[in-house]
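Below: the structure, in structure tokens.
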Amino acid sequence: MNKKHIWALVVLIIIIVVIGFSQNKSKQTQAGPTKVAVILPLTGTFPWWGETIQNGIRVAEANGLTNGFEFIYKDTQCNTKDAVSVTQSIKSLDPSIHIFLVGCDSDLKAMLPLLDKDKDVALVLGLSGADLYESEIPVVNLAYRLEAEASAVANFAFQKLDVKKIGVITGNNTFGVVLGKSIPEDIAKLGGTSVSEQIQINDPHPETAVLKIINQKPDAIYIHNDIPTIAAILKRLTQLGYNGPRIVTYAARDQSLIDAAGQAAEGMYVPWPISDKLSSKGQEFSDTYKKMFNKEAFVTSYFVYDGLTFLGDANKDCRGESKCIAKYFFDKDDFVGILGKIKYQADGQVQRDFHFEQIRGGKFLEVQQ
């Protein structure tokens, strides 16, 4: 082969490589970022819940953890009908979306029949029961199962507070139903007993339920509801002269409860997955959150931040393929997030450490166990 032919061959190879590179680059450009539908309450009864999720995402964005993602926010007010209509709209208008980050477990339950078991994956941030993970749709729990909080509460009450009989006042949503069933079961396994009352979420008049519980003389009382109703229950307990320990759901671990209940909140306990002794990454997240939003981060913001860190790693390996992403979450055993080591499981169980805090002097302080 003479030199002329060699040079022609070299030029031809270069042209082929350039064309291939250009086409690949064009495909990448056309593909664009991986879209994530973020379905949460931004108005209605629980806008603060949606805000904690949105703020966690914003911190992740500020720290460069979400490069390659585009977040599409949809407000459902934690209303299942809105969740269904939002999902139908997404499926119709933007069928490229296959990752759904959902704030309310009730929303996700309503959405599941509309999702594609072969293409879609859901990540949930609200506490949830076991039945949410029985669907063919892969669901990753970024928080933890409600049964885990129930078990932690029962063990803390029985072993640390010497409670033999616990009163349980819960709301009538999914959270309340699961907690109202699980806490009595767990305390019974330990050798204790329980009495229970269920009321409406945001019930403005919980007095009757409170009186019924007190009349059965429990050693401690566990309370689940939204913050205004929990504050009203705490005040009523104080008015009736109840002096036993009070434990509230983790979702009430917020300054607004202290502001609303005042002195009636003093001495109250709350389960909490965050230790006072944060890791360096956890402290960095906490400081960034305070700087960006001028307030303390709620635990859900930590959950979503860890989840997005994990999702970013999964997406690099899976290139947006949903089943691969779910498998990545469930298979990895060595992920350490800002709250410590985490193991996500296909049945919704999440291996996390629980701590307990108590309101003392108007502040949430960790109980040394």
Side-chain angles (χ1 to χ4, degrees), residues 41 44-49 77-81 103-107 109-110 126-129 131 145-147 149-154 156-157 163 165-188 192-254 256-271 359:
T45 306
F46 305 106
W48 65 271
W49 181 257
Q77 301 186 35
C78 273
N79 182 306
T80 55
K81 289 183 179 179
C104 304
D105 68 306
S106 55
D107 282 355
K109 276 187 182 180
L127 295 198
S128 52
D131 58 340
R145 286 247 304 260
L146 286 161
E147 292 91 345
E149 176 171 332
S151 178
V153 166
F156 179 76
V163 170
K165 184 178 183 179
I166 190 168
V168 180
I169 303 176
T170 54
N172 63 339
N173 61 0
T174 300
F175 281 33
V177 170
V178 175
L179 291 167
K181 177 176 180 288
S182 298
I183 293 174
E185 289 178 349
D186 286 327
I187 203 80
T193 61
S194 62
V195 292
S196 301
E197 288 289 330
Q198 186 183 89
I199 61 176
Q200 296 288 322
I201 290 292
N202 290 314
D203 191 332
H205 300 292
E207 296 86 0
T208 301
V210 172
L211 192 57
K212 285 181 179 179
I213 289 289
I214 285 182
N215 284 341
Q216 297 182 73
K217 297 181 170 41
D219 301 320
I221 295 176
Y222 173 84
I223 309 165
H224 159 269
N225 213 289
D226 201 21
I227 285 176
T229 298
I230 292 176
I233 291 171
L234 291 172
K235 287 180 178 179
R236 187 61 177 158
L237 288 171
T238 299
Q239 290 167 359
L240 293 171
Y242 178 78
N243 296 316
R246 295 143 300 143
I247 308 170
V248 302
T249 176
Y250 96 110
R253 199 276 186 197
D254 191 80
S256 63
L257 177 63
I258 297 174
D259 296 340
Q263 191 61 30
E266 194 69 12
M268 181 202 79
Y269 296 98
V270 58
I359 296 177

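Using a 4.5 Å heavy-atom cutoff, the side chains of Thr229 and Gln200 are not in contact. Within the 4.5 Å cutoff, side-chain heavy atoms of Ile214 are placed close to those of Leu237.
Between Ile223 and the options Leu234, Ile247, Thr249, a side-chain contact (heavy atoms from CB on, under 4.5 Å) holds for only Leu234. Partner Val248 forms a side-chain contact (heavy atoms from CB on, under 4.5 Å) with one of Ile233, Val270, Ile227, Ile359 and no other, that one being Val270.
With Asn225 contributing its side chain and Ala231 its backbone, the two residues share no donor-acceptor pair below 3.5 Å. A donor-acceptor pair under 3.5 Å is formed between the side chain of Asp186 and the backbone N or O of Ser151. No donor-acceptor pair under 3.5 Å is formed between the side chain of Asp226 and the backbone N or O of Pro228. Side chain of Trp49 to main chain of Pro41: no donor-acceptor pair is present (N/O by atom type, distance under 3.5 Å, no hydrogens or angles). Within the 3.5 Å criterion, the main-chain N or O of Glu266 finds a donor-acceptor partner in the side chain of Arg246. Proximity of a side-chain donor or acceptor of Lys235 to a complementary backbone N or O of Gly262 within less than 3.5 Å is not detected. Between the side chain of Asn173 and the backbone N or O of Gly176, at least one donor-acceptor pair lies under 3.5 Å.
Between Pro271 and Val153 the shortest heavy-atom distance is CG-CG2, 4.1 Å. Across all non-hydrogen atoms, the minimal contact from Pro218 to Tyr242 is O-OH, 3.7 Å. The shortest non-hydrogen separation linking Trp48 to Ala251 is CH2-O, 3.6 Å. The shortest non-hydrogen separation linking Ile166 to Ala157 is CD1-CB, 4.4 Å. Residue Asp105 comes nearest to Thr174 through the heavy atom pair OD2-CG2, 3.0 Å, listed as atom of the first residue, atom of the second, then distance. Closest approach of Gly129 to Val178, counting heavy atoms only: CA-CG2, 4.2 Å.
Atom CZ of Arg236 sits about 12.0 Å away from atom NE2 of His205, to the nearest 0.5 Å. Taken to the nearest 0.5 Å, the CD atom of Gln77 stands 10.5 Å off from the SG atom of Cys104. For the atom pair Glu149 CD and His224 NE2, the distance stands at 8.5 Å (nearest 0.5 Å). In this structure, Ile230 CD1 and Asn202 CG are separated by 10.0 Å, a value rounded to the nearest 0.5 Å. Rounding to the nearest 0.5 angstrom, the gap separating the OG atom in Ser106 from the CZ atom in Phe175 is 8.0 Å. Note: Ser182 OG to Leu146 CG = 7.5 Å, rounded to the nearest 0.5 Å.
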>> Show, in sequence, the C-alpha distance, side-chain angles and deciding distance for Val177 and Gln198, and conclude whether the side chain to side chain contact (heavy atoms under 4.5 Å, CB included) test is met.
In response: CA-CA 8 Å; Val177 170; Gln198 186 183 89; 3.9 Å; yes
>> Show, in sequence, the C-alpha distance, side-chain angles and deciding distance for Asn172 and Ile201, and conclude whether the side chain to side chain contact (heavy atoms under 4.5 Å, CB included) test is met.
In response: CA-CA 6 Å; Asn172 63 339; Ile201 290 292; 3.5 Å; yes
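Around NZ of Lys165, the count of heavy atoms belonging to other residues, nucleotides or ligands within 6.0 Å exceeds 12.
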